[in-house]
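We name chains A, B, ... by the order of the sequence lines, and we start the count at 1 in each one.
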Amino acid sequence: MANFFDEMYTDGSDVARPHYGEFSQWLGQQSAETIARKRVEADVIFRRVGITFAVYGNDAGTERLIPFDIIPRIIHAAEWSILEAGLIQRVKALNMFIHDIYHDQNIIKAGVIPAEQIFRNAQYRPEMQGISVASDIYAHIAGVDIVRAGQGEFYVLEDNLRVPSGVSYMLEDRKMMMRLFPELFTRHKIAPVDHYPDMLLDNLRSVAPVGVTDPTVVIMTPGMYNSAYFEHAFLAQQMGVELVEGKDLFVNDNAVYMRTTRGPKRVDVIYRRIDDDYLDPLAFRPDSTLGVPGLLSVYRAGGVTLANAIGTGVADDKSIYPYVPDMIKFYMAEKPILNNVPTFQCRKKDDLAYTLANLKDLVVKEVHGAGGYGMLVGPASTKQEIEDFRARVIANPEGYIAQPTLALSACPTYVEAGIAPRHIDLRPFVLSGKTVSMVRGGLTRVALKEGSLVVNSSQGGGTKDTWILEK
Amino acid sequence: MLSRTADHLFWMARYTERAENIARMLDVHLQTGMLPQAEEDVEQGWRALLGISELQEAYDKRHKTLTPQNVIDFMVRDPANSSSISACLTQARENARAVRGALTTEAWEIQNATWLKMQGYLKTDALDQNPAEFFEWVKHRSHLSRGVTIGTMLKDEAFHFIRLGTFLERADNTARIIDVKFHSANEKQKKQSQSQSQSQSESESASESESESESESEDQEQTQSLDAKAEPQIDFYYWAAILRSVSAFEIYRKVYRDVITPARVADLLILRADMPRSLAACMEEVLNNLKNVSNNVSADTERFAGKLHAELQFGSIDEILEAGLHDYLTVFFERIFELGNRISRDFLVPLAA
């Protein structure tokens, strides 16, 4: 019997869980040929539409498809409402936290989070200290990674508050499923997600600088060789806003302008998809050609809104993650709805000792790592890999955290050999502006390699459509 | 709209149109190459094509001999030729990709699908087996690209910059097609008249007249040959090929209801505003689209385009031929080039802050 929670079947049987019943029955009626044909069709369409991501490290411009799996991940309404409440609660607290540490720092004064965890954090931006941002919102768009483990409980794995990607795949996967299997959408009541760009635009407009009644919103991309370029272009098109690069913008007289065919045009809200470091060569990395010289000065003076705000990274760092439940209690006086994964902070003596003694059973992550790189999955590693990692942790304990290896839930997935369970996670997207809101859905990522827990697309992971059933 | 976006759209359209025109030029050479004619005439034709595309030197670096296969390969897919059909379609797609959000989904998908299909095409031997079919395909994809632009896009700035790119490029290309074909036709007639005068000189022993004709300027020769009424049937296939290369053969019949003469071909392709690929028609579109994107620094450029258009609108073919077709076209190329630069400066290159 499998030692993980199966999304579709009850306890290793072939009996579908109630909310998968209808789908399971349908799947049973499909011939292998039909499914094979639909999978090829999906590939062709994705390729033609150009739903690709650029791959770093290869020749510039290499584009790959993210494998798409046609078996949806289904979540029933009751479970979703808990998730949604938990996510909104969490993102509210994170925004309050970021505002606090760049202003009064009450949470530090109260001794909930040690000061050095903030001020020695590479993502902390002293430039933001005391600066007011519209509606006190910092993480306008958050992508929170959720996994299910054990008997199916949800855990938050990571809060992505800087430039989380993937929402375009959520939307395109849905479109693809509707195109390939329209009959499934008449048999199920599936919450729609297509209005996400509309919500995003509304949200971005709502956080324009004070006094701007009809704000001009743009999306700022590092350019077409960025791995998420498809998403940047897609969102700009869906919202009907300009997709700008740094070189299209300039600063003049405390305002940001874009260069248009009819001369300069003022920009009020920038949904930027480039990291803090590259935003303004005068303030951050001087070698950055992606940014806009002087942007920070306009931002600090309140002349433009950046989404997400500069310096949000301080809250989604893995060294801050263990404190999020405490933040919820501190700022909202509420009990956290969603679980954190128990986390050992190697900077603490006891935690370090425990980590080093149990490396073979733990997942150890670099505090600033991303994309599934720089981590050790103990149970899946060789003795040599574990020893190498041990040396790295001992050399720099502050740079690592450790977590128990979760038995991630799995969802039936088409692989070479047929249908087999593969581990998945879920990234829903939470929008913060005048209100905090989300569409009912998210991006389900799936680790296509048998037994693998790494779902990142840069490591060969795939995606699935995510259905929130309305009843 | 963003200057950079306009720039990408403009060039997307230019590269698409250019690919089509290269296909048209290659196709017409392939067709005329099948006519019974001397090998050196065939070679001369291909050489003229390379010359007018300013690619003779680059070609000679790649190939020792001039064969249709080599020229086609060079003009279609040689990575060393940045003006090949393959390079043009790739650049059209890259430009589209950079601003895919400014295009309709359909417009982007056409660019992307063309590029994908082309890669498949060039991996097989389909081009060698049936080049005409490949050229036909390139033309169709270009038609599709224009059609989807007209059929799906809002008539906003994005649309006008795409159209500007299309017609500016087409004006240049049509002029090149006229120049290259008239040039080689001219060469052919020159040879004919030379051999005629040679046989004359043999019989009459009058070598003076020959040396006189040698010293005449090319323009005068051109004018003479275009006016030459002698043996029009020999040249029928030549002019027919030119007309077909710009989809104008049937149009010619409709308009003139008469035999094909070089002067009328020139008239049709240069001055007829109702002929979609003529210089006059192209300039009319350029001017109209330019007016639609007018900004506060573009007045001079609009005036420049307006003059160019007016000269075509009110010009007469007799005057043009009198001045010399090749010279006329050379001046036209220069002014189209200048117009392109002005459009870049006024709209596409970021305006000063």
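Looking at B:E109, its side chain never comes within 3.5 Å of a backbone N or O of A:R48 through a donor-acceptor pair.
With a 6.0 Å radius and a threshold of 12 heavy atoms from other residues, nucleotides or ligands, A:R179 has its CZ atom at or below the threshold. Environment of CZ in B:F333: crowded, with over 12 heavy atoms of neighbouring residues, nucleotides or ligands closer than 6.0 Å. The neighbour count for A:F185 CZ, taken as heavy atoms of other residues, nucleotides or ligands under 6.0 Å away, is above 12.
Screening residues 252-275 of chain A for ring-ring contact (aromatic ring centres under 6.0 Å, His included) gives A:F250-A:Y257 as the qualifying pairs, with residues at least two apart or on separate chains.
Note that CZ of A:R47 is 9.0 Å distant from CG of B:N112, once rounded to the nearest 0.5 Å. One finds the CZ atom of B:R97 at 6.5 Å from the OH atom of A:Y225 (value rounded to the nearest 0.5 Å).
When A:M258, A:E245, A:K265 are compared by the number of non-hydrogen pairs under 4.5 Å with chain B, A:E245 comes out ahead.
Here the side chains of B:V293 and A:T261 are not in contact, with every heavy-atom distance at 4.5 Å or above. At a threshold of 4.5 Å between non-hydrogen side-chain atoms, the residues A:R259 and B:R4 do not count as touching. Side-chain atoms of B:M1 and A:T260, non-hydrogen and from C-beta on, never get closer than 4.5 Å to each other.
In this structure, A:Y229 and B:R100 approach most closely via the heavy-atom pair OH-N, 4.5 Å. Considering all non-hydrogen atoms of both residues, A:R262 and B:S294 come closest at NH1-O, 2.6 Å.
Among residues 153-167 of chain B, the residues having any heavy atom closer than 4.5 Å to a heavy atom of chain A are, in sequence order, B:E157, B:F161. Contact annotation for residues 116-147 of chain B against chain A (heavy-atom separation below 4.5 Å, listed by residue number): B:L116. Contacts from residues 198-209 of chain A to chain B, taken as heavy-atom pairs separated by less than 4.5 Å, involve no residues at all.
Looking at A:F234, there are no atoms closer than 4.5 Å to chain B (heavy atoms on both sides), in backbone or side chain. Both the backbone and the side chain of A:V244 come within less than 4.5 Å of a heavy atom in chain B.
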